[in-house]
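For reference, the structure discussed in these notes is given below.
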Amino acid sequence: MSKKRNLECVKEGFANGVAPGFPLDSASKNAMIYNAAEAYGKFLDALGCDWKNDPNSDNTPMRVAKAYVNDLWAGRYTEMSPITSFPSDGYDGIVIERNIPLTSMCSHHHQTIGGVVHVGYIVGEKGTVIGLSKLNRVIEHFGRRGAIQEQLTSAIHNAVNIICENNVGVIITIVATHNCVSCRGVKHKGAAMVTTKASGVFRHNGNGARQEFFDSLKINNGGHQI
């Protein structure tokens with residue numbers, strides 16, 4: 001069963017929201033890329049970069065524009081594929097997918113954010129489960145934008161909570177490093193940020209479901225300490 005749902009929770013046009021006219025067709029994307037490339041060339045001019053005569057940079061504005069529209073900010077312009085859900089057939093336990101790769105971008109300094117996302121939910125009595133790869137697609141859809149990690153955690157939680165109908169709890173944990181910390185400002189490499197958003201049975205520390213979720217992350221945390 002596939003359904004089209006509105007999973008957005010921030011204002012249209014914001015760096016962590018969809019662009020006006022979402023989803024953009026190919027012609028709109030190409031026009032955006034052209035305009036963005038022209039603007040980025042002026043940005044380099046303002047920085048005193050002779051990019052037009054530099055063989056390593058003469059096509060950089062176009063490269064950057066394409067990277068934003070097709071990759072780095074793709075979640076603002078391209079619609080996520082339909083979500084498929086299935087009857088749980090009586091399963092009422094916890095579903096966890098760990099170590100989902102995250103690539104995002106700090107909306108403050110436009111530096112990369114990289115890490116992993118852990119997702120857990122518990123199916124309700126009349127609930128459904130969703131195709132496993134769809135959780136990865138949710139991460140890609142919201143991660144490929146400008147973001148702050150706290151709001152990104154909430155956005156992913158909101159989407160999973162909507163998609164997993166009649167669930168009794170959803171929990172999202174993100175462990176990520178921010179290039180804006182390692183390459184500017186304090187310039188500390190390796191510092192990781194951990195954020196968690198929980199609802200339903202995962203909400204309270206004394207709950208067994210919450211403990212089961214975090215215990216599962218300790219089994220194989222992919223090098224990211226929780």
Side-chain angles (χ1 to χ4, degrees), residues 3-12 14-18 22 73-76 79-85 88 92-107 113-124 126-178 192-218 221-222 224 226:
K3 292 184 179 180
K4 190 173 182 179
R5 307 170 176 90
N6 181 15
L7 305 179
E8 301 298 327
C9 57
V10 300
K11 185 176 179 180
E12 178 183 275
F14 282 13
N16 56 350
V18 298
F22 175 88
W73 279 14
R76 303 187 71 245
E79 193 170 27
M80 183 170 54
S81 61
I83 298 295
T84 304
S85 59
S88 65
D92 59 0
I94 191 171
V95 177
I96 300 172
E97 185 174 5
R98 306 174 304 192
N99 300 319
I100 302 173
L102 170 70
T103 300
S104 192
M105 177 181 285
C106 165
S107 58
I113 299 171
V116 294
V117 182
H118 309 293
V119 178
Y121 68 94
I122 294 181
V123 185
K126 297 181 180 180
T128 57
V129 295
I130 67 173
L132 188 62
S133 67
K134 300 307 180 186
L135 292 176
N136 298 66
R137 293 189 182 278
V138 168
I139 307 311
E140 279 290 292
H141 183 66
F142 289 97
R144 295 288 179 165
R145 306 178 180 193
I148 64 169
Q149 186 172 324
E150 297 90 338
Q151 193 282 325
L152 177 58
T153 309
S154 294
I156 293 171
H157 177 278
N158 176 69
V160 174
N161 189 47
I162 293 172
I163 293 166
C164 298
E165 296 178 333
N166 300 313
N167 70 79
V168 295
V170 172
I171 187 167
I172 308 296
T173 292
I174 298 180
V175 186
T177 58
H178 294 237
M193 182 178 187
V194 182
T195 49
T196 296
K197 172 73 173 178
S199 60
V201 297
F202 293 108
R203 182 66 178 169
H204 302 292
N205 287 327
N207 189 280
R210 186 181 178 96
Q211 188 63 49
E212 182 178 353
F213 174 76
F214 284 112
D215 283 348
S216 78
L217 303 189
K218 296 175 184 176
N221 63 24
H224 295 267
I226 301 296

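For clarity, every value in this text was computed on a predicted model and none was experimentally measured.
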Partner set under side-chain contact (heavy atoms from CB on, under 4.5 Å) for A198, not counting sequence neighbours: I171, F202, R210
Any residue meeting side-chain hydrogen bond (donor to acceptor under 3.5 Å, both in side chains) with S199, in chain and number order, not counting sequence neighbours: H157
Residue pairs passing the salt bridge (charged side-chain N to carboxylate O under 4.0 Å, His left out) test where at least one lies in residues 127-141, sequence neighbours excluded: E140-R144
Partners passing side-chain contact (heavy atoms from CB on, under 4.5 Å) against N167 (at least two apart in sequence or in another chain): N161, C164, V170
Of V129, T128, D92, the residue whose pairing with V123 passes side chain to side chain contact (heavy atoms under 4.5 Å, CB included): V129
Set of residues satisfying side-chain contact (heavy atoms from CB on, under 4.5 Å) with respect to N136, sequence neighbours excluded: E97, I100
Donor-acceptor contact present, side-chain S104 to main-chain G143, <3.5 Å: yes
Pairing residues for T153 by the side-chain hydrogen bond (donor to acceptor under 3.5 Å, both in side chains) criterion, not counting sequence neighbours: T195
Nearest non-hydrogen partners of M80 and L7, listed with the distance: CE-CD1, 3.5 Å
Residues which pass salt bridge (charged side-chain N to carboxylate O under 4.0 Å, His left out) with R145, listed by chain and number, not counting sequence neighbours: E8
Validation row: L152, L102 side chains within 4.5 angstrom (heavy atoms): yes
Partner residues of I96 under the side-chain contact (heavy atoms from CB on, under 4.5 Å) criterion, sequence neighbours left out: I94, R98, F213, S216
